[in-house]
Amino acid sequence: MSIALNGLPKRMVNKGWLEQSAAERALQQANSEGKSFIAFLLEHHLVEGNNIAAAASEEFGIPLFDARAHERDDDVVQLIDEKLIRDCDALPLFKRGKKLYVAISDPANLHALDQFQFQSGLGVLPILTEPLILRQIIEEALDAQDRSLSDLSDTSLEDLEFSGLDDDLPREEYDSDIDDAPIVRFVNKVLLEAISKGASDIHFEPYENRYRVRLRVDGILNEIATPPNNMQNRISTRVKVMAKLDISDRRIPQDGRMKLKLSKNRGIDFRVSTCPTLFGEKMVLRILDSGNLRFGADTLGMGEHQKAVFLQSIKKAYGMVLITGPTGSGKTVTLYSALSILNTSDKNISTVEDPAEINLPGVNQVNINPKAGLTFASTLRAFLRQDPDIIMVGEIRDTETADISMKAAQTGHMVLSTLHTNNAPQTLTRLVNMGIEPYNIVASVILIIAQRLVRQLCHHCKQPLKLPDEVLLRQGFEPEELGSFTLYAPVGCRYCSVGYKDRFGIFEMLPISDAIARVIVEGGSSLDIASQAKNEGVWDLRRAGLEKVKQGLTSLEEINRVVSE
């Protein structure tokens, strides 16, 4: 049924940038998803960004402005949290009196303007900017903020504030363990460089004749420093002091946490793990920058159908949703995205984790403590006596935890958890191998999600790539797809790391249908389950990755790195 078009959709049709039917479909779908018409056009690449900006400028009466032509005021940028800038896709440019001028690409995004006004305490005036230009200046502004961290003087590097230090002991006692200020400055500089580069982990690694420091950025380890080998004990002592670990014992693994305060509103948590090796203590620091995390189905990278399946499953009254993948594949963010969607005042949500990496207000979070008898299983039993609606189990590691989780899912609770398997079908057979009866699996599990993180091509420098059709067919593309998309390859520029910037998820979304349930009950293998899933149109991880390649978001090389053929 056709609908009457007016305003911006009608203007798009009149200019010949959209067919009438396409505009109607886009408007209906945008309304059903609760998005603005412009946001929907941009997300689905239905109209060029510069054309959208020109039409919006005419329709809303807001002048179109090239924000690159104005000198950026970094002090004004700092008025707004980085997370809010990214979430709202808007950037404060400059201030005049009590007015804050904000670059936006969607004049209908009134929520962003309200949020900026609330956080800054200033009146907000929008400046319309082309979408690609806006994304570019947002990245430049936030990169400049991060770079400023590494420009601290030697003196200020010594004065960074860590809340992990034991307040019961005087600062001089720590300093006496370190011997000299250069060690303090070096460690602090490494931490700041890791934050500015968006690293997820820092590795301090001792070897027989060298000592190196590496950062994991977008899933890839890169060496950044090779301090003298005789510094390793002082470096490890400094880190252990900051994380409240025992500096006198280098023979056993230790775990701790610390927090670096960058400003009044921003702090970065570090999870510290030490392990004795042949030539000294190796230390790995996991960076938990919750201020940079964005939760929600739209930020994960799911396709529209996958997102619909995900939301439909987690909003059911009871059942189990399992997320699987290797360490570092984004399972925690997917779990917390589900929790943030479900986290309303009428729900009682409890989580048991090892440890809780992200603090989510409104959720009851428990860290396990096996030494005190606080295990996954014992905590789950306690939860069931606390009138829960939703339970999140950080990881199902043993039969007892799996059994209690299954029973909770069958008795009116939504249970979210993770397992370490390679794909969704293998998760089901893994549960059987753990001793869970097949009829219990089909009675409780409603959805299995396998996922990986892939690097996103830098939109500043990616270049088209031409490959022969026979190569594309061998890679898994269908004959009817050939010629309908453009491949891109990484290049590398000042905005990115070897042609990539940031990561997103690819997903294998396996709902437990009646047919798949029959395969499980009849003792089918993971191959039998995968075959039935394919018959039902479920994308495996490789197919999901190829879809992202078709959209120009990543390269075929990256998909081959992350997912085997």
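Both backbone and side-chain heavy atoms feed into the values below; hydrogens, waters and symmetry mates do not.
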Would you tell me whether S417 and S405 have side-chain atoms, one donor and one acceptor, within less than 3.5 Å of each other?
no

Applying side chain to side chain donor-acceptor pair (under 3.5 Å), name anything that partners T429, two or more places apart in sequence or on another chain.
none

Extract all donor-acceptor atom pairs below 3.5 Å that involve side chains of residues 455-462 and protein atoms in other chains or at least two apart in sequence.
from : atom 1 : to   : atom 2 : distance (Å)
R455 : NE     : E558 : OE1    : 3.1
R455 : NE     : E558 : OE2    : 3.4
R455 : NH2    : E558 : OE1    : 3.0
K462 : NZ     : G552 : O      : 2.8

Flag the pair L428 / L510 as yes when at least one side-chain heavy-atom distance between them is below 4.5 Å, and no otherwise.
yes

K407/D403 under salt bridge (charged side-chain N to carboxylate O under 4.0 Å, His left out): CA gap, chis, key distance, verdict:
CA-CA 6 Å; K407 289 176 180 175; D403 187 55; 3.1 Å; yes

Return yes if some donor-acceptor pair links the side-chain N/O of H413 with the main-chain N/O of A408 below 3.5 Å, else return no.
yes

E437: partners by side chain to side chain contact (heavy atoms under 4.5 Å, CB included), with sequence neighbours left out
Y439, N440

The reported gap from NZ in K316 to CG in L447 (rounded to nearest 0.5 angstrom) is 8.5 Å

Quick one about N364 and Q386 (side-chain donor to acceptor, distance below 3.5 Å, no hydrogens or angles considered), yes or no?
no

Does a side chain donor of either E130 or S105 reach within less than 3.5 Å of an acceptor in the other side chain?
no

May I ask you to decide if L342's main-chain N or O and K315's side chain share a donor-acceptor pair within less than 3.5 Å?
no

Is the distance between the ring centroids of F477 and F485 under 6.0 Å?
yes

Side-chain contact test, heavy atoms from C-beta onward, threshold under 4.5 Å: evaluate it for V563 versus V454 and give yes or no.
no

Interatomic distance, CG@L335 vs CG@L322, rounded to 0.5 Å, equals 9.5 Å

CZ-CD1 distance between R430 and I436, expressed to the nearest 0.5 angstrom:
11.0 Å

Judged by modelled atom types alone, do T375 and S378 share a side-chain donor-acceptor pair under 3.5 Å?
yes

